[in-house]
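Here's the structure we're looking at; comments come further down.
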There are 2 protein chains.
Amino acid sequence: MARSNNTLYAILGIIAHGPRSGYDIRKQFNASLRFFWSESYGQIYPMLKQIEREGYAEPVESNDSRRKKLYRITPEGQTVFRQWLSEPVNPINYRDELLLKIFVAGPQDAKAILALLASEREELEKNVAVLKEQESQALQQYHNRVPPTWMLTLRYGIHSMEARLRWCEEAIHDLRGKGEV
Amino acid sequence: MARSNNTLYAILGIIAHGPRSGYDIRKQFNASLRFFWSESYGQIYPMLKQIEREGYAEPVESNDSRRKKLYRITPEGQTVFRQWLSEPVNPINYRDELLLKIFVAGPQDAKAILALLASEREELEKNVAVLKEQESQALQQYHNRVPPTWMLTLRYGIHSMEARLRWCEEAIHDLRGKGEV
DNA sequence: CGTTCCATGTAAAACGTTACATGATTCT
DNA sequence: AGAATCATGTAACGTTTTACATGGAACG
């Protein structure tokens, strides 16, 4: 079975909104979707060349003072991108280390697990704050016009992290209640 | 930088609760943690041999009618397992295809995204029902005694899937409201 | 006696990160 | 001038899935 080749479509999806360099693409993922998607340079640059070879994008000369190599999506690229977009998504393969540890922990590990949960909670509180700040900034920007679809990914970040945070607190409460600490 | 070698610890964590075969290990992950962790045979069997070579587990002859090869964790295995358990977790690398698609979608893709969200919602409703059923079964089983830590992973499944479900509904509502459908 | 499930295993390919190398531009 | 950031790229390594191969046990 052919693998999903997500890196190809991720890049195509970014340059579908306008010419971008490899550096731009990385930046865009890190700025907005870092909690749910990331691409490393080690994948981006080789994939851009492959995309060009297959005729899904072509280089454009930039009038930037930097020597950026911008790529513009071609009509063929648009076609395969929209095709991919409408296909059902593949099941996610999460590998959540914290969940694994809790799953395999025994009663004697309650203390260690509590420590992990505490630092997770701290981390989540920070991240939720960052996302909410981003949200209020974005809402000001779009106060009358329709917000773009990527706003939905921001909303997802808030929903999912708040849920994880509530779970963390519940779990800490449960473990403390056992008196095994 | 040394990579985290999670497969090793995942396996060690399972056999820490009693002798298991490669097949058992797979089954246990699929039964309880499938949404947050999975291991394929292509990793499990070679890793079991490596674990044996390193002295973290040893084979035990089974009195099972099947020709299972059970592995039992050694004291050294226990040690490295508990050590790993107490270390801080590495950041997760989610790669959430649905989020990616929504992030890179343009206004003209609203219809395609709505279809994806609708089938995601369906899927989530099924999964939440399954988990809640599992939860009530487990709660009966442990009605007086303290529930094991893996119950927390079940709770996480419910929390996170319900959050994703609520987000799905919110997103569908938003996209419909735009009149772009 | 055939089908289904149990059970172990390997090889190849695909995927993804990390570390390194290189050099230009911008800012202080 | 020096530091920080921008920018492209590659090689090595580690991780993970997929496809294939093999055969025994249970069940109707």
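Source: prediction; values computed, not measured. Just so you know, these numbers use all the heavy atoms, side chains as well, and skip hydrogens, waters and symmetry mates. Just so it is clear: chains get the letters A, B, ... in the order the sequence lines come, proteins before strands, and each one is counted from 1.
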Does the side chain of A:N6 get closer than 4.0 angstrom to OP1 or OP2 of C:dC15 through an N or O atom? no
Determine: side-chain N/O of A:T7 to OP1/OP2 of C:dC15, distance under 4.0 Å, yes or no. no
Distance test, side-chain N/O of A:Q43 to OP1/OP2 of C:dT17, below 4.0 Å: yes
I want to know whether B:W84 and B:Y9 have ring centres closer than 6.0 Å. yes
Roughly, in whole Å, what's the span from CG in B:N93 to P in D:dT15? 13 Å
Answer yes or no: does a side-chain N or O of B:S38 lie under 4.0 Å from OP1 or OP2 of D:dT16? no
Rounding to an integer number of Å, can you tell me how far A:E52 CD sits from D:dG9 P? 10 Å
Distance check needed: C:dA7 P versus B:Y71 OH, whole Å only. 14 Å
Per atom distances to the B:N5 side chain, the nearest of D:dT15, D:dT8, C:dT8 is D:dT15
So, is B:K68 near the phosphate of C:dA7, with a side-chain N or O under 4.0 Å from OP1 or OP2? yes
Short side-chain N/O contact from B:S40 to OP1 or OP2 of D:dT18, under 4.0 Å: no
Short heteroatom pairs, N/O only, protein and nucleotides 3-5 of chain D, under 3.5 Å:
none

Do the rings of B:W37 and B:F29 sit parallel, tilted or perpendicular, given the 30° and 60° boundaries? tilted
Under 4.0 Å between a side-chain nitrogen and a carboxylate oxygen: does that hold for A:E170 and B:R155? yes
Between B:S4 and C:dT17, is there a side-chain N or O to OP1/OP2 distance below 4.0 Å? no
Between B:Q137 and the options B:Q141, B:E135, B:E133, B:Q134, the side chain to side chain donor-acceptor pair (under 3.5 Å) test singles out B:E133
How about B:F35 and A:Y94: are their ring centroids closer than 6.0 Å? no
For D:dG9, take OP1 and OP2 only and decide whether either is under 4.0 Å from a side-chain N or O of A:Y41. no
Counting side-chain heavy atoms from C-beta on, which of C:dG23, C:dT10, D:dT18 comes nearest to A:R67? C:dG23
CE of B:M47 versus P of D:dG14: gap in Å, rounded? 12 Å
For B:Q43 and B:T7, does a side-chain donor sit closer than 3.5 Å to a side-chain acceptor? yes
Ring centers of A:F36, A:Y156 separated by less than 6.0 Å: yes
Please state how far atom CD1 in A:I44 lies from atom C1' in D:dC6, giving the value in whole angstrom units. 14 Å
Please classify the nucleic acid contact of B:R26 as base, sugar-phosphate, or nothing, using heavy-atom distances under 4.0 Å. nothing
Scan side-chain atoms only and decide if A:W167 and A:E169 contain a donor-acceptor pair under the 3.5 Å cut-off. no
What's the CD1-P distance between B:I11 and C:dG9, to the nearest Å? 12 Å
Please compare B:G42 and A:G42 by the position of their nearest nucleotide in DNA chain C and report the one closer to 5'. B:G42
Separation of D:dA7 P from A:D24 CG (nearest whole Å): 7 Å
Rounded to the nearest Å, what distance is computed from the CZ atom of residue A:R95 to the P atom of nucleotide C:dG16? 13 Å
